[in-house]
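Keep in mind the model is a prediction, meaning the values are calculated, not measured.
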Amino acid sequence: MANIRKQKGKWFVQIRKKGHPAIYKSFHDIKTARKFARTVESQMERNVFEDYSGARGTTLREVLIRYRDERTAVKKGVREETGTINFLIKHRIALNSLMTLKSHHIHKLMRELSTTRKPSTVNKFVNLICHAWRVAKREWGINLPAENPCDMVTFLKFDDSRTRVLTDVEYAQLIKCSKILDARPMINRNSTDHYRHMTDVIKFAYQTGARQGEILKLKREHIDFENKQCTFYDTKNSQDRTIPLADETIAIIKKHVFGEYIFNSNSSRLRKWFRRACKTAKISNFRFHDLRACFCTNALLNGWSVAEVSAVSGHKDWSQLKRYTRIKPKDLLEKINNVVNLK
C-alpha cells in the first residue's frame with residue numbers, strides 16, 4: 001500500500017513493493033497524490049511499471065557534460081567534438097530533463113542551426129545528442145523511455161562529396177608559390193609569421209596520400225630508410241599502416257634532420273599557411289585533405305589496382321576509397337580511344 005502524508009504544505013507519496021524500487025514523490029493536492037499512487041500500484045501489480053525518476057531529475061546538460069568528460073575525452077577528434085558539446089551545453093535545449101526532451105525540441109534546434117550551418121554539421125549535433133542519450137540508458141543506468149527523441153526526427157539531406165583535384169598546372173603553381181612563402185624573411189624567430197617547410201609538406205601529402213594528422217605525427221624513428229618505407233601509427237581507423245616511399249619523398253624527409261618530428265608544426269598553423277599558399281597561387285575551393293584525393297586519383301590513372309591504392313591510403317574497402325577517387329571524363333579520353341580502336 002502507498003503511504004501518503006502531509007508535510008509543510010505538500011503531500012508526500014511513498015510506495016514500497018517487493019521486487020520494485022521504492023518510489024517517493026511530492027504533490028500540492030491530495031487528489032493528484034492519490035491518483036499517482038493508484039496508477040503506480042496498478043502498474044506494479046501488472047509488472048509494467050517503469051521508474052523514470054532518474055530521468056526526470058537529470059537534465060540533458062548533465063548528460064552531455066558527463067559524455068564529454070568520459071567518452072569524448074578519449075576520442076581522436078576530441079577537440080572538434082568538445083566544441084560541439086560545449087555549444088549544446090550552453091544552448092537552452094540542454095535545460096530540458098531527459099523525460100521532457102521531445103522530438104519537437106530537436107526539430108527546433110535543427111531549424112535554428114540550419115540558418116548558419118551546413119546540413120551535415122546540423123546532423124552531427126543531433127547525432128551527438130542521440131548517442132549521449134543511448135549511452136546514458138545503456139551504460140549509466142538511467143531508465144529512459146524506449147523511444148529516443150532523436151530517432152523521431154528526419155535528418156537533413158546533403159551531398160558532401162567533392163570532385164576537386166589539382167591539375168598538373170595548378171600543382172606546379174602551388175609548389176611555386178609555396179616556395180616563395182617559404183623563402184620570405186623571418187620577422188620574429190619566435191612567432192608564427194613563417195612556415196619554412198610548406199613546400200615539403202605539400203609534396204609529401206601529394207606523393208603519399210597521408211592524412212594531415214599522420215604527417216604531423218610522423219617521427220624520424222618511423223622511417224625505414226634502408227627499405228624506403230615509413231609507418232603511420234595510431235591512424236584514424238586505429239590501425240598502423242606502413243607504406244613505400246618514392247625516391248623524391250625520401251629526399252624530402254632527409255632534408256629535415258632536426259627535431260623529433262619530421263615536420264614540426266600543428267594543424268592550425270599548417271591550415272593557415274596552406275590557405276595562404278592556395279590564395280597566392282589563385283587556387284580556389286581546395287583543401288589540404290584534397291591532396292589525399294589527388295594521390296588516389298593519380299595512382300588509379302597510372303594503372304594501380306584498387307587493392308594497391310587502398311594499401312597505401314589506408315581505406316578498408318572500395319566504398320571508402322571511392323570518395324577520394326575523382327577521375328573525370330577528360331582523364332579517360334586516351335583510354336576510350338584505345339578501347340574503340342581494338343580489333
For K124 and E80, what are the C-alpha separation, side-chain angles and deciding distance, and is it a salt bridge (Lys or Arg N to Asp or Glu O under 4.0 Å)? CA-CA 11 Å; K124 288 179 181 178; E80 292 77 10; over 6 Å; no

What verdict does the side chain to side chain contact (heavy atoms under 4.5 Å, CB included) test give for H105 and L60, after you've listed the backbone C-alpha separation in whole Å, the side-chain angles of each residue and the deciding distance to 0.1 Å? CA-CA 12 Å; H105 294 122; L60 177 61; over 6 Å; no

Could you tell me whether the side chain of T121 reaches within less than 4.5 Å of the side chain of L113, counting heavy atoms only? no

Nearest 0.5 Å, what's the CG-OG1 distance between D240 and T231? 7.5 Å

Is K76 atom NZ crowded by more than 12 heavy atoms from other residues, nucleotides or ligands, each under 6.0 Å away? yes

Test your reading of the model: is there a side-chain donor-acceptor pair from S178 to the backbone of A277, 3.5 Å cut-off? no

Taking the side chain from K137 and the backbone from N148, do they hold a donor-acceptor pair closer than 3.5 Å? no

What do you reckon, is NZ of K75 surrounded by more than 12 foreign heavy atoms closer than 6.0 Å? yes

Do E170 and V165 touch side chain to side chain, with heavy atoms closer than 4.5 Å? no

Looking only at atom types and distance, does a side-chain atom of R292 sit under 3.5 Å from a main-chain N or O of S313, one as donor and one as acceptor? yes

Given side chains that start at C-beta, do those of K108 and H104 come closer than 4.5 Å, heavy atoms only? no

Of all heavy-atom pairs between T59 and L95, which one has the smallest distance, and what is that distance? CG2-O, 3.9 Å

Nearest 0.5 Å, please: how far is NE2 in H91 from CD1 in I129? 9.0 Å

Think R326 forms a cation-pi with F286, using NZ or CZ under 6.0 Å from the six-ring centre and within 45 degrees of its axis? no

Determine whether K10 and H28 make a side-chain contact, defined as any pair of heavy atoms from C-beta on separated by less than 4.5 Å. yes

Nearest heavy-atom pair of L156 and M110: which atoms, and what distance? CG-CE, 3.9 Å

Looking only at heavy atoms, the pair that brings L64 and I85 closest together is O-CG2, 3.6 Å

Can you tell me how far apart CZ (R134) and CH2 (W140) are? Round to the nearest 0.5 Å. 14.0 Å

Where Y261 and L216 come nearest, the two heavy atoms and their spacing: CD2-O, 3.5 Å

Under 4.5 Å between any side-chain heavy atoms of K219 and I262, yes or no? no

Check whether more than 12 heavy atoms from other residues, nucleotides or ligands sit under 6.0 Å from atom CD of E139, and answer yes or no. yes

Measure the shortest side-chain to side-chain distance between W304 and V312 over non-hydrogen atoms and say whether it is less than 4.5 angstrom. yes

Tightest non-hydrogen contact, residues A281 and L174, listed as CB-CA, 3.9 Å

With N227, which residues qualify under side chain to side chain contact (heavy atoms under 4.5 Å, CB included), at least two apart? D224, Q229

Any pair counted as ring pair (Phe, Tyr, Trp, His ring centres under 6.0 Å), so long as it reaches residues 144-180, sequence neighbours left out: Y171-Y206

Using the benzene-type ring in the case of Trp, are the ring centres of F274 and H289 under 6.0 Å apart? no

Indicate yes or no for a side-chain donor-acceptor contact from T100 to the backbone of N96 under 3.5 Å, with no hydrogens or angles considered. no

For C294, is there any backbone N or O sitting under 3.5 Å from a side-chain donor or acceptor partner on T297? no

Between K228 and D247, is a side chain to side chain contact (heavy atoms under 4.5 Å, CB included) present by the stated rule, with each step listed? CA-CA 8 Å; K228 298 183 179 180; D247 293 338; 2.7 Å; yes

Could you walk me through whether Y324 and V309 pass the side chain to side chain contact (heavy atoms under 4.5 Å, CB included) test, one step at a time? CA-CA 11 Å; Y324 293 86; V309 178; over 6 Å; no

Determine the sole option in T84, N86, T82 for which the side-chain hydrogen bond (donor to acceptor under 3.5 Å, both in side chains) test with R68 is passed. N86

Please report the interatomic distance CD1(I327) to NZ(K322), rounded to the nearest 0.5 Å. 11.5 Å

Nearest 0.5 Å, please: how far is CG in L128 from CG in N123? 12.5 Å

Okay, side chain of D290, backbone of R287: is any donor-acceptor separation there less than 3.5 Å? yes

Tightest non-hydrogen contact, residues I89 and A94, listed as O-CB, 3.6 Å

Are E81 and T72 packed together at the side-chain level, in the sense that at least one heavy-atom pair is separated by less than 4.5 angstrom? yes

Check the surroundings of atom CZ in R79: do more than 12 heavy atoms from other residues, nucleotides or ligands lie under 6.0 Å from it? no

Do other residues, nucleotides or ligands put more than 12 heavy atoms under 6.0 Å from N266 CG? yes

Rounded distance (nearest 0.5 Å) linking atom CG of L301 with atom SG of C296: 11.0 Å

Would a 4.5 Å heavy-atom cut-off, applied to side chains only, mark M99 and T58 as touching? no

